Amino acid sequence: MSEPTLSAMKPVDLLKGLCAIVLALAFLLWLYGTFTNQPDFVTAAMWLGDVLVMLPAYLIPTITAWLVKSPRLKTIALLNILGGWLLIPWIIAMGMAIKRDDLRAQD
């Protein structure tokens with residue numbers, strides 16, 4: 001069997017692999033910093049762990065729009081990435097992501 005090429009891999013598989021690598025790196029940094037008494041490495045591991053948790057939480061509107069196949073995905077992603085660190089643009093992006101236009105057409 002041949003190895004799958006990069007273009008044949010799904011984006012979700014690539015993201016899972018990247019998350020696994022970052023998680024392993026954070027764990028190894030923590031181990032090294034803990035057992036060699038170097039707090040800078042422990043701090044770096046904590047930052048990497050925070051990124052692994054907070055990045056998906058920050059991108060919930062974009063992920064939701066992608067999962068429901070929203071026709072406004074690009075607009076939601078742009079609003080979420082550029083203004084999502086503020087509460088109001090994040091709520092607007094989430095509202096746009098869960099808005100269902102196809103339900104209104106049935107009335």
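For the numbers below, each heavy atom of this structure counts, side chains included, while hydrogens, waters and symmetry mates do not. Predicted, not measured: the structure shown is a model, and the values here were computed from it.
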Exercise. So if you build clusters from Ile, Leu, Val, Met, Phe, Trp, Tyr with side-chain heavy-atom gaps below 4.5 Å, do W85 and L55 land together?
Worked result: yes
Exercise. After noting the C-alpha distance and the side-chain angles of T62 and L79, does the key distance pass the side chain to side chain contact (heavy atoms under 4.5 Å, CB included) rule?
Worked result: CA-CA 9 Å; T62 302; L79 178 63; over 6 Å; no
Exercise. When rounded to the nearest 0.5 angstrom, what distance separates CZ in F35 from CZ in F41?
Worked result: 15.0 Å
For this session: Using the rule that two of Ile, Leu, Val, Met, Phe, Trp, Tyr join whenever any of their side-chain heavy atoms come within less than 4.5 Å, decide whether Y32 and L48 are in one cluster.
Result: yes
Seminar exercise, completed: One should read off an interatomic distance between I60 CD1 and I98 CD1, to the nearest 0.5 angstrom, of 12.0 Å
Problem set entry | Test log, rule side chain to side chain contact (heavy atoms under 4.5 Å, CB included), inputs M96 and I92 | CA-CA 6 Å; M96 289 172 64; I92 292 170; 4.1 Å; yes
Problem set entry | Linked, directly or transitively: L18 and V53 (ILVMFWY side chains, under 4.5 Å) | no
Exercise. If you draw a 6.0 Å radius around CH2 in W66, do more than 12 non-hydrogen atoms from other residues or ligands fall strictly inside?
Worked result: no
Exercise. Taking all atoms of both residues into account, what is the closest heavy-atom pair of V42 and G33, and its distance?
Worked result: CG2-C, 3.6 Å
Seminar exercise, completed: Shortest non-hydrogen pair, I76 vs A65, comes out as CD1-CB, 3.6 Å
Problem set entry | Distance in Å, M46 CE paired with D50 CG, rounded so as to fall on 0.5 Å steps | 7.0 Å
Exercise. Roughly how far apart are T75 OG1 and N80 CG, rounded to 0.5 Å?
Worked result: 12.0 Å
Exercise. Does the R72 side chain pair with the main chain of A77, one donor and one acceptor, at a distance under 3.5 Å?
Worked result: no
For this session: Can you see which heavy atom on V68 is nearest to which on A97, and at what distance?
Result: CG2-O, 3.5 Å
Exercise. Should L73 and I91 be regarded as members of a common hydrophobic cluster, given that ILVMFWY residues are connected when their side-chain heavy atoms come within less than 4.5 Å of each other, either directly or indirectly?
Worked result: no
Exercise. From L25 CG over to L29 CG, what is the distance, rounded to the nearest 0.5 angstrom?
Worked result: 4.5 Å
For this session: Would you sort out whether L52 and L23 count as a side chain to side chain contact (heavy atoms under 4.5 Å, CB included), showing the intermediate values?
Result: CA-CA 8 Å; L52 279 175; L23 182 61; 3.8 Å; yes
Exercise. What are the two closest non-hydrogen atoms of W90 and P61, and how far apart are they?
Worked result: NE1-CD, 3.3 Å
For this session: Report yes or no: do Y58 and I63 belong to one cluster of Ile/Leu/Val/Met/Phe/Trp/Tyr joined by side chain heavy-atom distances under 4.5 Å?
Result: yes
